[in-house]
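Below is one structure, written out as structure tokens, with a few remarks after it.
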Amino acid sequence: MIEVVASMARGPVFLAGELMECLITFTNPMSHLSTSASSEMLAWASAQIHCQFHASESRVALPAQGNKQDVQAESDTVLIPSRGERGQCVLDTPPKILFCDLRLDPGESKTYSYSELVPIDGPPSFRGQAVKYVYKLTIGCQRVNSPIKLLRVPLRVLVLQGMPEPPFTPDEEVSPSNPFLEEEEGSRRDARPLERALDMLMVNTSRRCPHMFNITNMRGKVAKFCIFKTVYRLGEDIIGTFNFSEGDIPCLQYSVSLQSEEEIQEQYQRRPGQPVSVTGHGRHLESCLHTASSHFSLPIPLNVTPGFSTDMVTLRWRLHFEFVTAREPMEPPTVLQNQSEVTIWAGAEHVDVDTFSWNLPIKVLPTNPALASYVSQFTGTNSINI
């Protein structure tokens, strides 16, 4: 028996275009003191990344695949990384051979390093209501005259889409330089793609430009709303403020929800005019009658998928507002300055109300993969005995 352990030291989350590194250890667990101990042999081992696509048949109409069938796919001695997986393999990297003819004595182990650039032309990891994209690192091993054994390590891929063009040339520095540190000439220009992408991400999500909105319904103005920016990273807090003192209509209650919209492209919709799938990721609810101002803070979870678009599906983000307003003016309780007794104010038992909603589109971009790894459901380590 040989134990195979694959471990991603940096974590299981990567940015598209980043170099993924994985250490793969092969061990003969038998003790050399055992009378039945013997050397173990492996003919070869290889590794590659692949992405599986799965769609809900009730929501997505996939094009016919035809009756093409690979005869070799039925053989257990042919390496097919997606063997036994649900859905279709929409992306895979070329396999890399780790070794050929490996011999392990009792108690001996050998470690091999696998590195590969995460493809930049693929979709991000996504588990939606209609569509799923799942990435895995697959390691194939085979003994002589034996079937191939596959070890799969799930990973998460973040893709940077929808970022505005930078307001500077590529030769300029993205992040501020430290005048107290010596830098070799051209070091910024030769920075790794991951560092440049993270710097660009920080620049675009750090800009603050207050956006003001007048909230009105058919009866008049309800409030003024202010949000400081509309582009966020995973893990950031969305903060907004309401000013009800400028409103003409009393607002009894408001709620703000962070929602994602999953829309199947028209040519792949199962039914014409198919509705968009909406998923909630957080909600703030507050009563605000006779309140001059209020604010909310909604955190963006680190484990959700940033906005993206493929030829199959588009994922967008929005803030969904709901307001409950009174139809008639409601006078606030009056308290005299020299009044010594305690005054109790009771709300009205019956109030005629109107309700209305509003959607504000926002952009959600990735974050540092190392930060997202802390909350990942994947461990970045997996093992198998062959």
>> Name the residue from Glu262, Gln274, Gln129 that meets the side-chain hydrogen bond (donor to acceptor under 3.5 Å, both in side chains) definition with Arg59.
In response: Gln129

Rounded to the nearest 0.5 Å, what's the gap from [atom1] on [X] to [atom2] on [Y]? Could you check?
X: Ser257; Y: Leu319; atom1: OG; atom2: CG; value: 9.0 Å
X: Ile227; Y: Phe242; atom1: CD1; atom2: CZ; value: 9.0 Å
X: Ile238; Y: Ile300; atom1: CD1; atom2: CD1; value: 4.0 Å
X: Cys226; Y: Asn243; atom1: SG; atom2: CG; value: 10.0 Å

>> Between Glu40 (side chain only) and Met1 (backbone N and O only), is there a donor and an acceptor less than 3.5 Å apart?
In response: yes

> Any idea which heavy atoms bring Phe356 and Thr325 closest together, and the distance?
Replying inline: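 Closest approach of Phe356 to Thr325, heavy atoms only: CE2-CG2, 3.9 Å.
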
> So, for Glu116 and Pro94, which heavy atoms are closest and what is the spacing to 0.1 Å?
Replying inline: OE1-O, 4.1 Å

> Side chains of His50 and Gln48: do they bring a donor and an acceptor to under 3.5 Å?
Replying inline: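 Per modelled atom types, His50 and Gln48 side chains form no pair under 3.5 Å.
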
> Transitive ILVMFWY cluster of Met41 at side-chain heavy atoms under 4.5 Å: who else is in it?
Replying inline: none

> Between Phe53 and Tyr133, how do the two ring planes meet: parallel, tilted or perpendicular, split at 30° and 60°?
Replying inline: tilted

> Should the pair Phe321 and Phe296 be assigned to parallel (<30°), tilted (30 to 60°) or perpendicular (>60°) ring geometry?
Replying inline: perpendicular

> Aromatic ring centroids of Phe99 and Phe26 under 6.0 Å?
Replying inline: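 Yes, the ring centres sit under 6.0 Å apart.
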
> For the rings on Phe213 and Trp358, is their centre-to-centre separation under 6.0 Å?
Replying inline: yes

> Considering residues at least two apart in sequence or located in another chain, which fulfil the side chain to side chain donor-acceptor pair (under 3.5 Å) criterion with Asp352?
Replying inline: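 Expected list: His350.
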
> Does the salt bridge (Lys or Arg N to Asp or Glu O under 4.0 Å) test come out yes or no for Asp101 and Arg103, once each step is laid out?
Replying inline: CA-CA 6 Å; Asp101 296 331; Arg103 177 189 178 95; over 6 Å; no

>> I'd like to check Phe378 versus Ser373 (side-chain heavy atoms, cut-off strictly below 4.5 Å). Are they in contact?
In response: no

> Hey, does Thr381 have a side-chain heavy atom less than 4.5 Å from the side chain of Val5?
Replying inline: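 The answer is yes; the side chains approach within 4.5 Å.
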
> Given Arg270 and Glu57, is the salt bridge (Lys or Arg N to Asp or Glu O under 4.0 Å) satisfied, shown in steps?
Replying inline: CA-CA 8 Å; Arg270 177 63 67 179; Glu57 295 182 357; over 6 Å; no

